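Only one structure is covered here, and it is reproduced in the block below.
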4 protein chains.
Amino acid sequence: MPYRQTASTRKNAENKRDGLLRAARSLVASGGFAAATVAAVATRGQVSVGSVYSYFDSRDGLLAEVFRSAAGHEIDVVRAAVTGTDRPATDRLAALIRTFGGRALQGRRMAWALLFEPVNPAVEVERLTYRRFYTDLGEEIIRAGLADGDFVPQDARLAASAVMGAVSEALIGWLRPDSPEPAPGTLDEIERFCFRALGVPVHDREETP
Amino acid sequence: MPYRQTASTRKNAENKRDGLLRAARSLVASGGFAAATVAAVATRGQVSVGSVYSYFDSRDGLLAEVFRSAAGHEIDVVRAAVTGTDRPATDRLAALIRTFGGRALQGRRMAWALLFEPVNPAVEVERLTYRRFYTDLGEEIIRAGLADGDFVPQDARLAASAVMGAVSEALIGWLRPDSPEPAPGTLDEIERFCFRALGVPVHDREETP
Amino acid sequence: MPYRQTASTRKNAENKRDGLLRAARSLVASGGFAAATVAAVATRGQVSVGSVYSYFDSRDGLLAEVFRSAAGHEIDVVRAAVTGTDRPATDRLAALIRTFGGRALQGRRMAWALLFEPVNPAVEVERLTYRRFYTDLGEEIIRAGLADGDFVPQDARLAASAVMGAVSEALIGWLRPDSPEPAPGTLDEIERFCFRALGVPVHDREETP
Amino acid sequence: MPYRQTASTRKNAENKRDGLLRAARSLVASGGFAAATVAAVATRGQVSVGSVYSYFDSRDGLLAEVFRSAAGHEIDVVRAAVTGTDRPATDRLAALIRTFGGRALQGRRMAWALLFEPVNPAVEVERLTYRRFYTDLGEEIIRAGLADGDFVPQDARLAASAVMGAVSEALIGWLRPDSPEPAPGTLDEIERFCFRALGVPVHDREETP
DNA sequence: CATGAATGAGGGTTCATTCAT
DNA sequence: AATGAATGAACCCTCATTCAT
């Protein structure tokens with residue numbers, strides 16, 4: 001009875017592969033891509049170094065996939081949150097800011113790794129796509145808002161870029177192993193900042209720190 | 001004689017040290033901290049590898065000092081530009097944005113290295129100070145502006161952070177070896193973005209893209 | 001029933017084994033022994049890596065057997081071509097040269113692998129036998145020719161060795177992935193070279209390059 | 001007093017480099033290029049692994065240099081032995097055969113490595129040059145001899161190739177760790193073989209084995 | 001028996017750091 | 001005090017071999 005690629009073996013292989021991806025991902029989440037050495041991934045994935053190479057062509061490839069996977073997930077969540085071109089642009093932009101920012105807040109190291117940590121050319125290519133997604137999305141929403149008169153006239157693309165920068169800087173720019181959690185309400189405040197920047201009248205906050 | 005000799009010796013030593021710092025700095029400016037290997041620094045500083053260790057405890061220490069030096073220079077320039085608590089806050093904030101942004105534009109790699117490139121814990125400590133300077137300065141100005149009614153009520157510290165993020169993201173967030181120069185006028189547009197965010201009425205731009 | 005089953009099982013086992021040998025052989029023929037990794041052999045033989053070890057003790061053993069098999073085939077062909085102790089020695093030697101050379105020309109990589117490529121001690125032992133076959137055969141023929149006065153007096157064994165060397169060097173000594181086919185007529189020319197070396201009067205070639 | 005590249009330091013560096021080359025060469029001489037791992041070279045050269053990379057770009061480069069050096073020496077010796085276009089071609093060819101063959105006899109493993117052992121593309125390029133030297137030289141001599149009527153008409157290049165093959169096969173074709181030295185007189189016999197092949201009347205040997 | 005995932009020794013390479021001169 | 005050769009730990013990657021299923 002010859003060996004057959006049964007559902008269970010394939011499932012298992014994918015599990016292992018996923019296990020390694022998870023292992024790598026968790027290492028990236030806690031120490032950035034730099035912490036995801038092949039040996040570390042293997043150890044955490046409870047396999048040998050050689051096994052890593054059964055599932056991935058190279059460390060660079062593995063990291064690129066980790067990036068794609070993590071970034072893809074982020075993108076999915078954000079896309080879902082801002083979906084619906086019939087919604088008011090302000091609504092959608094708020095969703096973009098809060099979703100992007102909220103996710104960065106939980107998983108700040110990962111957010112930092114995805115946005116900033118230098119890794120290798122393959123990952124840089126992925127990063128380009130990842131960053132472009134946010135900027136394109138932001139630009140599209142802002143453009144829609146501009147058309148509806150929600151925002152004051154401005155360069156939509158640059159505004160999108162600036163919005164992402166404001167959010168990410170405020171949330172993960174100060175990332176340190178022991179840096180404290182941003183205060184609750186930070187997200188609200190950033191949202192207001194961005195809306196003002198776009199020219200949307202923002203009602204006063206209740207309490208002034 | 002012994003005194004003179006000591007003096008000249010010390011002078012010489014400081015020259016060498018400075019030379020190494022300059023060498024390292026120029027390497028960082030063109031290739032980031034990663035390019036500043038000990039060997040590269042020694043070569044460019046026209047001393048031996050071993051000599052580097054006469055002047056610096058370790059590569060980490062050297063890089064930390066390079067960071068301090070480069071960052072200190074940036075800080076000096078920016079501080080000079082925004083100095084004068086009697087000036088209107090809007091004036092000073094504009095100076096902060098334009099100086100910080102303008103300097104980042106020339107020397108984007110260095111700006112990126114100072115703001116984002118991961119190096120080592122010692123440098124991360126320095127970076128904290130560096131980033132804090134901008135945020136503190138921005139906060140102070142914004143606070144002053146708030147007191148004067150120049151800006152709408154908001155969290156001054158967070159606004160400062162967001163401003164820096166908006167500027168740096170728009171200017172160097174997309175930095176890549178071959179990434180194109182930002183369009184002229186980008187700085188103006190970012191300034192307007194930030195002023196709107198702070199609640200300052202901004203006159204329309206002449207041309208709407 | 002048990003007998004039949006055993007027979008069929010054994011038949012099957014031998015088929016598998018042969019399949020693996022053929023797979024390995026074809027890999028050697030195109031890329032030398034170095035190309036015959038266990039994984040490559042298994043893939044080409046359409047079995048699992050582990051199965052290879054059901055039929056062979058080790059890669060070294062498998063390669064040794066491949067060598068034996070390929071070399072044995074060469075030997076059979078050459079032996080058939082030179083058979084008949086009643087034939088004139090010149091005839092038989094010509095057959096040896098042309099058969100050995102002709103086969104080397106088609107299948108130069110394999111010929112090179114058999115004659116020259118370093119593999120492992122087990123294969124070196126086989127190679128000894130292989131090379132000895134040619135030398136023994138050549139020696140025997142030359143000795144017969146000497147007895148008949150066909151060749152001028154000389155050390156038969158060394159002459160046999162030299163003949164093989166002349167032929168193989170001229171045909172596959174320059175083997176490289178992109179080396180061109182030897183010109184037609186090369187075999188004729190080598191044959192004349194060898195016959196002259198043995199002291200046989202050789203009629204002039206028609207065309208002198 | 002700054003460090004200066006004195007004669008002694010350079011001498012020392014060259015000594016070390018040479019020491020490594022000698023270490024590698026001796027490894028090649030006893031075990032072929034395969035035995036010259038970086039670690040083995042370092043150990044035998046009594047330096048650390050890292051030091052090897054102070055003197056050589058890569059293992060491939062080191063081996064290529066070992067090849068060049070060893071082959072170059074061979075070439076020098078042979079060239080010196082056959083020099084003088086005014087000498088009779090028979091003389092020069094005898095010198096070629098005896099020098100090439102004599103050197104192969106002492107240092108058979110090295111001769112084999114230079115002529116046959118696969119290493120890496122860089123070395124293959126060198127090997128091409130090395131082999132071409134012998135063939136070109138042989139061809140030139142034979143061509144001269146043909147012009148003088150010393151040899152019977154034939155393809156000079158192929159004859160040169162065949163001569164080298166005959167010599168190398170007879171001397172190192174049987175190379176094994178424990179293979180016995182060829183009998184004394186072997187060189188004489190090969191020379192006679194080659195001369196006969198070229199069509200030169202050869203006087204009988206005194207004793208027929 | 002067959003399978004192929006898993007193993008890990010072994011190989012090449014880099015670079016911060018040390019230390020004899 | 002200056003030098004830079006030397007060091008070796010750490011990294012990535014390959015592939016023959018094993019063994020649980």
Side-chain angles (χ1 to χ4, degrees), chain A residues 1-6 8-9 12-13 15-17 34 37-42 45-62, chain B residues 9 12-13 16 34 36-43 47-63 120, chain C residues 9 12-13 16 34 36-43 47-63 120, chain D residues 1-6 8-9 12-13 15-17 34 36-42 45-62 120:
Chain A
M1 189 186 297
Y3 181 95
R4 267 179 290 151
Q5 168 101 341
T6 61
S8 87
T9 60
N12 196 290
N15 282 346
K16 280 277 169 59
R17 212 185 127 91
T37 64
V38 175
V41 172
Q46 286 170 311
V47 300
S48 66
V49 168
S51 280
V52 175
Y53 289 88
S54 310
Y55 298 105
F56 302 93
D57 280 350
S58 65
R59 176 177 185 258
D60 284 359
L62 164 56
Chain B
T9 300
N12 188 31
K16 282 268 176 67
T37 63
V38 176
V41 171
T43 299
V47 301
S48 66
V49 169
S51 280
V52 175
Y53 286 87
S54 307
Y55 299 109
F56 302 93
D57 279 353
S58 65
R59 178 178 185 255
D60 285 359
L62 163 57
L63 294 191
N120 62 50
Chain C
T9 299
N12 188 31
K16 282 268 178 67
T37 63
V38 176
V41 171
T43 299
V47 300
S48 67
V49 169
S51 281
V52 174
Y53 286 86
S54 307
Y55 298 108
F56 303 93
D57 279 352
S58 65
R59 176 178 186 254
D60 286 358
L62 163 58
L63 294 191
N120 63 49
Chain D
M1 189 186 299
Y3 181 93
R4 266 178 292 150
Q5 168 102 336
T6 62
S8 87
T9 59
N12 196 290
N15 282 347
K16 280 278 170 57
R17 211 186 128 90
T37 63
V38 175
V41 171
Q46 286 170 314
V47 299
S48 66
V49 169
S51 280
V52 175
Y53 288 89
S54 309
Y55 297 105
F56 302 93
D57 280 351
S58 65
R59 177 177 184 256
D60 284 359
L62 164 56
N120 64 47

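So that the names make sense, note that chain A is the first sequence line, chain B the second, and so on, each numbered from 1. Nothing here was measured: the structure is a model prediction, and the numbers come from that model.
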- Looking only at heavy atoms, what is the nearest atom pair of A:R59 and A:V38, with distance? CB-CG2, 3.7 Å
- Item | Distance in Å, A:L62 CG paired with A:Y55 OH, rounded so as to fall on 0.5 Å steps | 13.0 Å
- Note on the structure: Value for OG (D:S54) from NZ (D:K16), rounded to nearest 0.5 Å, stands at 10.0 Å
- Task: Nearest-nucleotide wise, let me know which of B:A34 and C:V47 is further upstream toward the 5' end of DNA chain E.
- Result: C:V47
- Could you give the CZ-to-P distance, from A:F56 to E:dA6, as a whole number of Å? 12 Å
- Whole-Å distance, A:L62 CG to F:dC13 C1', equals 13 Å
- Query: Does OP1 or OP2 of F:dA2 have a side-chain N or O of B:K16 closer than 4.0 Å?
  - Reply: yes
- Task: Might you confirm whether atom CG of C:D57 has over 12 heavy atoms from other residues, nucleotides or ligands at distances under 6.0 Å?
- Result: no
- Query: Is any side-chain N or O of A:S48 closer than 4.0 Å to OP1 or OP2 of E:dT7?
  - Reply: yes
- Check A:A39 against A:V49 and note the closest heavy-atom contact, atom names and distance. CA-CG2, 4.2 Å
- Starting from the 5' end of DNA chain E, give me the residue, B:D60 or C:Y55, whose nearest nucleotide shows up first. C:Y55
- So what does A:V38 hit on the nucleic acid, given a heavy-atom distance under 4.0 Å: a base, only sugar-phosphate, or nothing? sugar-phosphate
- Message: On DNA chain F, compare the nucleotides closest to D:Q46 and A:A39; which residue's is nearer the 5' end?
- Response: D:Q46
- Query: Does a nitrogen or oxygen in the side chain of A:T37 sit under 4.0 Å from OP1 or OP2 of F:dC11?
  - Reply: no
- Which base sits across from E:dA20 as a Watson-Crick or G-U pair, both distances under 3.5 Å? F:dT3
Got a list of protein N/O to nucleotides 18-21 of chain E N/O distances below 3.5 Å?
none

- Residue C:R59, side-chain atoms from C-beta onward, closest of E:dT7, E:dT13, F:dT17: F:dT17
